[in-house]
2 protein chains.
Amino acid sequence: MIKEGKIKKTKFSKQRDLILNILRSCSCHPTADWIFTEARKTNPTISLGTVYRNLNLLAAEGRIRELCFGKGVSLYDGDLRDHYHVRCNVCGKVEDVPHISPRVSDQQIEELTGYQIHSHRLEFSGICSECRE
Amino acid sequence: MIKEGKIKKTKFSKQRDLILNILRSCSCHPTADWIFTEARKTNPTISLGTVYRNLNLLAAEGRIRELCFGKGVSLYDGDLRDHYHVRCNVCGKVEDVPHISPRVSDQQIEELTGYQIHSHRLEFSGICSECRE
DNA sequence: CTAACTGCAAAGTTTTTGCAATTGC
DNA sequence: GCAATTGCAAAAACTTTGCAGTTAG
C-alpha cells in the first residue's frame with residue numbers, strides 16, 4: 001500500500017544511487033535479493049534492509065516500478081516507459097511485451113468506478129517457447 | 001509458479017467445499033487469513049494450513065483466482081467471469097470494475113512474444129472516492 | 001484398503017523495523 | 001547540527017511442509 005500523501009525530504013545516498021543504477025542498467029526484472037547481491041559487488045557492506053528501504057522509497061517516488069506475480073516475491077523494474085509484461089507459468093520468467101498500444105482508457109475507468117486512476121498494469125501469462133517443449 | 005502438468009486425483013472434502021462456498025458467497029477479495037477466520041465460524045477446527053492448501057489447489061484447478069497486489073499478501077477471487085480490478089493506493093481496497101470489454105487480444109501477444117498465452121490480468125490503481133477527502 | 005486430506009506445529013521465505021552510529025546538506 | 005540514512009540483527013508477516021491420524025471412494 002503506497003502512502004501517497006507522505007512527502008519526505010530525501011538526501012542523496014550512494015546506496016540508493018547504486019540500487020537505481022543497477023535497476024536501470026539491467027534488462028531483467030530482478031528481486032530485491034538479486035539487487036542486493038549485485039550491489040554487494042560494488043559496495044560490499046550494503047545491507048539487505050537498506051536495499052528494501054530504498055526500493056520502497058524509489059517505488060513510492062515513482063522512480064522505479066514494483067511488479068508482483070504470485071505470492072511471496074516482488075520484482076522491480078527500472079524502465080518507466082509504458083509497457084506491459086508476459087510471464088511464463090512454468091519457469092517463472094518475466095519479459096517485456098515489446099510494444100502494444102493499450103486501448104484501455106484510465107478515464108473510462110474513472111467514470112465507471114469513481115476512483116481517481118493513477119496507473120494500470122496489464123500482465124499476460126502463459127508458457128514461453130523454451131518451456132513448451 | 002503454477003505447475004501446469006500436475007494432474008492429481010481429488011476427493012471431496014468438507015473443508016475445501018466450505019472454503020469454496022465462502023469465496024463464492026462473498027463479494028470481496030479476501031486474504032487467506034480472512035477466509036480462515038470465516039471458515040472457523042462454521043468449522044472451528046479447520047486449520048490455516050488446510051486453508052492455504054485448498055486455496056492453492058482450487059487456484060491450480062482454475063476454480064478460483066489468485067490476485068496479487070504489492071508484496072506480502074495474496075487475495076482470492078471466487079468470481080471466474082472475465083473482469084478486472086481497481087485498487088485504492090491509500091486504503092488498499094480492491095473492487096471489481098463493473099463491466100468493460102477488454103479489447104486486448106491474447107493472440108496479438110502470442111504473435112509478439114512467442115508465448116502461448118493462457119490469461120491476462122488488468123489492474124487499475126488510484127484513489128477511491130472515500131480516501132480522496 | 002489406500003490415496004487424499006486434515007490439524008498441528010515447526011520451519012521456510014520475504015520484508016520490515018528498532019537502534020545506535022554515520023552521513024549529506 | 002540535524003534530519004535522513006545506514007548496517008545489523010531481531011522480529012514480523014505470510015506461506016509451506018512433515019508427520020501421524022482421519023476420511024472418502
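In what follows, chains carry the letters A, B, and so on, assigned in the order in which the sequence lines appear, proteins first and then strands, with residues in each chain numbered from 1.
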Under the 3.5 angstrom rule, does the side chain of Thr37(A) hit a backbone N or O of Asp33(A) as a donor-acceptor pair?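 Yes.
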
Phe124(A) backbone acceptor or donor facing Arg121(B) side chain under 3.5 Å: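 No; zero donor-acceptor contacts below 3.5 Å.
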
What is the distance, to the nearest angstrom, from the [atom1] atom on [X] to the [atom2] atom on [N]?
X: Leu55(A); N: dT14(C); atom1: CG; atom2: P; result: 15 Å
X: Lys71(B); N: dT17(C); atom1: NZ; atom2: P; result: 11 Å
X: Phe36(A); N: dT14(C); atom1: CZ; atom2: P; result: 13 Å

Check this for me: does any side-chain nitrogen of one of Glu66(A) and Lys71(B) sit under 4.0 Å from a carboxylate oxygen of the other?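 So Glu66(A) pairs with Lys71(B) through a salt bridge.
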
Any salt bridge between Glu130(B) and Lys93(B), counting N to O under 4.0 Å?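 Salt bridge between Glu130(B) and Lys93(B), a charged N being under 4.0 Å from a carboxylate O: yes.
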
Boundaries of the chain B footprint along DNA chain D (any atom under 4.0 Å from a heavy atom):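 Both ends considered, the range comes out as dC14(D) to dG25(D).
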
Can the ring centres of His85(B) and His83(B) be said to be less than 6.0 Å apart?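 Distance test on ring centres: under 6.0 Å, yes.
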
Under a 4.0 Å heavy-atom criterion, the protein footprint on nucleotides 5-12 of chain C, written with B, S and -, is SBBB----

By disulfide bond (SG atoms under 2.5 Å apart), which residues pair with Cys131(B), not counting sequence neighbours?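 Listed in chain order: nothing, the list is empty.
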
Write out all pairs satisfying disulfide bond (SG atoms under 2.5 Å apart) with one or both partners inside residues 53-83 of chain A, taking only residues at least two apart or from two chains.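 Output for this query lists Cys68(A)-Cys68(B).
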
Does Phe69(A) reach the side chain of Val94(A), with side-chain heavy atoms less than 4.5 Å apart?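 Sidechains of Val94(A) and Phe69(A): in contact.
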
Given axes from five pairs at either end, by how many degrees does the helix from dC1(C)-dG25(D) to dC25(C)-dG1(D) bend, rounded to 10°?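 Between the first-five-pair axis and the last-five-pair axis there is 40°.
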
Check side chain to side chain donor-acceptor pair (under 3.5 Å) between Arg132(A) and all other residues, then give those that pass, not counting sequence neighbours.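 For Arg132(A) there are no side chain to side chain donor-acceptor pair (under 3.5 Å) partners, ignoring immediate neighbours.
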
How would you label the contact of Ser74(A) with the nucleic acid (heavy atoms, under 4.0 Å): base, sugar-phosphate, or nothing?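 Here Ser74(A) touches the backbone only, sparing every base.
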
Nearest heavy-atom pair of Ser13(B) and Arg16(B): which atoms, and what distance?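 Closest approach of Ser13(B) to Arg16(B), heavy atoms only: OG-N, 2.9 Å.
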
